[in-house]
Amino acid sequence: MMKSDGTKRETPTLHNQAEKGQIAECVLMPGDPQRARFIAENYLADARLVSEVRGIYAYTGSCRGRKVSVMASGMGAGSMGIYSYELFQFYGVEKIIRVGSAGGLSPHLALRDIVIGTASSTDTGYALQYGLPGTLAPCGDFGLARKAFDYAEKKGLGCRAGMLFSGEAFYYEEEILRKWAQMGALAVEMESAALYMNAAKTHKKALAICTISDLVFSGEKCSVEERQNSFDDMIKMALSIIT
Ligand code: ADE
């Protein structure tokens, strides 16, 4: 990037053109860049676009007087892995809340319910980079999860807290997902495990909250309108726990 005087502007990483200081300590991360734009335009005051490298929008604005950023993660562990690591490690970000969708695995979930990911099991190799002599248990931050759960109770939202299965793939043979459900995974998505591992590695805080957009075993799916309403509850919940 060029500055107005024609000199080159150094940014902390290749994947983000924001300068340090242009990203808030708390960041909401939807998967979809258009969702990031929607959140910035509809839930933040004075939102400014601070990065759009590869179409991954990042905006910074404020909510209830607190500086808040929203940046897309893209899909999957690889993409979430890059952006969340850079936010924690190079931009001084302290808390990331993933606001996404997930496929319901538990028979106790209905479309539009919210799942708070207290733990995230995965079939990705993301933890191999740490060379640990055992199996890491990626966890959501307890303090954030407690605030999210209290918010859901106060608002009377359909909400469960528990294990997510954060998969490498989107298209699984059903029997694989049945095994994860059997082990207690409430819902399947693709980003929380990498996020939680980056938080662990950098000693920061993270939480994934996901609305159930489809029920994997029955094939039921939210309509566009239902998606929008449940999305609204989730974003309000996420903002309430960081502001
Ligand atoms: N996100 C929403 N639904 C999903 C599913 N069924 N699998 C993975 N990620 C999802």
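Just follow the structure's listing: the first ligand is 1, and inside any ligand the first atom is 1. All values derive from a computational prediction rather than experimental measurement.
Using a 4.5 Å cut-off on side-chain heavy atoms (C-beta onward), Ile56 and His15 make no contact. At least one side-chain heavy atom of Trp180 sits under 4.5 Å from a side-chain heavy atom of Ser121. Within the 4.5 Å cutoff, no side-chain heavy atoms of Val50 are placed close to those of Tyr57.
A salt bridge does not link Asp150 with Arg146: every distance from a Lys NZ or Arg NE/NH1/NH2 to an Asp or Glu carboxylate oxygen is 4.0 Å or more. With respect to the salt-bridge test (charged N to carboxylate O, under 4.0 angstrom), the residues Glu226 and Arg112 do not qualify.
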Between ligand 1 and the protein, give all atom pairs where both partners are nitrogen or oxygen and the distance is under 3.5 Å, as lines of names plus distance to 0.1 Å.
| from | atom 1 | to | atom 2 | distance (Å) |
| --- | --- | --- | --- | --- |
| ligand 1 | 1 (N) | Ser101 | O | 3.4 |
| ligand 1 | 3 (N) | Gly103 | N | 3.3 |
| ligand 1 | 3 (N) | Asp214 | OD1 | 2.6 |
| ligand 1 | 6 (N) | Asp214 | OD2 | 3.0 |

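A donor and an acceptor atom, one from each side chain of Thr122 and Ser166, are nowhere located under 3.5 Å apart.
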